[in-house]
Amino acid sequence: MLRIGLFGGSFDPVHLGHLLVAQAAREELRLERLFFIAAAQSPFKPDRQPTSAPLRLRLLRLALAGLEWCELDDQEIRRGGISYTIDTVRNYAKRFAEAKLFYLIGADHLQQLPKWREAPELARLVEMAVIPRPGQGDTVLPAPFRGKTLVGFPLGVSSSQIRTRIKAGLPIDTLVPPAVAEAIRNNRLYL
Ligand code: ATP
């Protein structure tokens, strides 16, 4: 049975924490393919307008170059509006009817999970893979979700931290892939 990972997020910008999640998921869940799904607008970040989608996608493309098992999915951006995971997962369930689908989620989202749109249906369609995140504590999945916690490579880096550092004039070179750091610098992003 084909094993597919789904990794949704704002990726504003993509950073090494995301790539380590991908690597851990590939190994621990024995994934054949992993899709990075960039959100148009997260339902949980209503106060923040994300950076333009083409820019976020461009940085993601640079970050994923050469990782042939990773793919970029822009369906939520093409749909526009608020991005609900259930819509995206339904699309994958239809497209890969025979596959086992894993949804990757950082421990910081666990508390909110039961409030996600159509949570029971989402729990039926995917197995969750919880990624520990330094400072986020508990990795227990709330009912009715099923799945497991990955060991991963816990790294306490976040997109908001990177945006704050850029605004403060601090270097980000060790926190994102080199090509992403270069593109952010050359295009004067997140200033
Ligand atoms: P922000 O700081 O803007 O909230 P973020 O760094 O959490 O952004 P997102 O794009 O919102 O990044 O995250 C996408 C997914 O990746 C979420 O499930 C999130 O929990 C997870 N994630 C992000 N960074 C890490 C990390 N360092 N370790 C584990 N999981 C992470």
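Keep in mind that what you see is a predicted model, and the values were worked out from it rather than measured. Just so you know, ligand 1 is whichever comes first in the structure, and atom 1 is the first atom listed for that ligand. Quick note: numbers below take in every heavy atom, side chains included, and nothing from hydrogens, waters or symmetry partners. We're numbering straight along the sequence, starting at 1.
- The stretch residues 59-92 participates, sequence neighbours left out, in these ring pair (Phe, Tyr, Trp, His ring centres under 6.0 Å) pairs: F35-Y92.
- Between R117 and D87 there is no salt bridge, since none of the side-chain N atoms of the basic residue sits less than 4.0 Å from a carboxylate O of the acidic one.
- Protein residues having at least one heavy atom under 4.0 Å from any atom of ligand 1 are F7, G8, G9, S10, F11, H15, G17, H18, V21, K45, I105, G106, D108, H109, I131, P132, R133, L155, V157, S158, S159, S160, R163, listed by chain and number.
- Remark: K148 engages no residue in a side-chain hydrogen bond (donor to acceptor under 3.5 Å, both in side chains) (not counting sequence neighbours).
- Taking the six-membered ring for Trp and thresholds of 30 and 60 degrees, F7 and H18 have ring planes more than 60 degrees apart, a perpendicular arrangement.
- Rounded to the nearest 0.5 Å, atoms CD (Q161) and CZ (R165) are 7.0 Å apart.
- Not counting sequence neighbours, the partners of R133 by the salt bridge (Lys or Arg N to Asp or Glu O under 4.0 Å) test are D108.
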